[in-house]
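Take a look at the structure set out below.
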Amino acid sequence: MIRGLTFVLAAMLIAFISQPEPANAGKYDAQFRQFLNSDVIPAARRAGVSQATLDRELAGLTPDTSLPGLVGPGGKGAPPKINFQAEFRSPQRYFRNSQFNSLVPGGRRLMKKHAATLKKIEARYGVPKRIILAIWARESGYGGAKIPHDALRVLATQAFMGQRADFFKGELIAALKILQKGDVSRRTMKSSWGGAMGQPQFLPSSYLKYAVDFDGDGKRNIWTSEVDTMASIANYLSEHGWVKGRDWGYEVFLPETLSCTREGPDNRQKISAFVKEGVKRVSGKPFPSQELGQPGNVLLPAGRYGPAFIATENFYVLKEYNESDTYALFVGHLADRYSGNKAFVADWKPMKDTTRGAVRNLQVRLEGLGHDVGGADGLIGFKTRRSIGKDQEKNGFFATCWVG
Ligand SMILES: [Ca+2]
């Protein structure tokens, strides 16, 4: 009897652990159904989603209140969008050698496995295979990462009670269109908790615009087809302006005579002009001849406290995938490491841990001095870096364009 009871309790415990339901599960179901009926269904019908699709996909759907960052029905009671208590992650911690070392072998293996297909993808879209592989690695570990959520449920929950409800309502309707077209089954259509789907982590609206069928089975399958995944990433970059024949950027030695305050894509000049000013590649090789007459710009993600780069326009195409210098640099650097696996030559100097709030205070001070920091958001972009540098120069110091 006791053993039996223990067994039942253990089974209950296991069930509880394996399927955690938040305390408020079910609390919003009626309100959610009302939201679907009055808000989502009419908008989806207007967007061309059939009643049959809506009946099939929305039947029995409930919100997943365990998702992070929810604020309540109607997006009411939203917390501040920026968490200024959050840690500001220094570049030094973002670019860990160990992480690149663990991603390089998988990429090389896939380049061999898909050599013929990647050649065709490169020819069609003009994006180098190493860039495609690096994005795939960053987004989902070449498809190895667990992407566990029912995309439709995530999107519906975010539309109902997330911080960006209207945005996600649009994505929910896009997801319904995808299911209506039949490229993917509901079971397979998985996303992250933020609604980014499949191996390239496309939002549904991006899927509709940029996903492609490259393995020829008639379905655009970014969930289980490696070939469709690679081609869809290439198509995305191509459609966002990837310049064929150009690289993303180069690590360089920046002479002290070239001020760090000249960083930024709004300070582009021909790469040959940088060479004249004494900029050299750290590899010791010259810039490829086709790059010399093309524009580039200084990129200093940690000011003078880290590696320096000449970035091409393609660096900013990578940022169309994820609006962050560190993301784009991670992808570009990983792409370079597939051959030779060479680390950055310059060190990322360690910096003291700080918060986004502290960064924002600095930005507000710089704004008070008349500098354009690109908005006091607690993140250090190139406008903040060069404002720091200009202030240092004004005060007679050698500009480092970095805090400290
Ligand atoms: Ca396909």
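Atoms within a ligand are numbered from 1 in the order they appear, just like the ligands themselves. We count residues from 1, following the sequence as given. Please read all numbers here as calculations on a predicted model, not as lab measurements.
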Any idea which N/O/S atom from [X] gets closest to the Ca ion (ligand 1)?
| X | result |
| --- | --- |
| Asp217 | OD1 |
| Asp213 | OD1 |
| Asp228 | OD2 |
| Asp215 | OD1 |

- line: Test ring-ring contact (aromatic ring centres under 6.0 Å, His included), reference Tyr236, set Tyr207, Tyr210, Trp242, output is Tyr210
- prompt: Can you tell me if an N/O/S atom from Val227 lies under 3.0 Å from the Ca ion (ligand 1)?
  reply: no
field: Residue pairs involving residues 247-345 (criterion disulfide (SG to SG under 2.5 Å); sequence neighbours excluded)
entry: Cys260-Cys401
[X] bridged to [Y] by N-O distance under 4.0 Å:
| X | Y | value |
| --- | --- | --- |
| Arg262 | Glu277 | yes |
| Glu239 | Lys209 | no |
| Asp150 | Arg186 | yes |

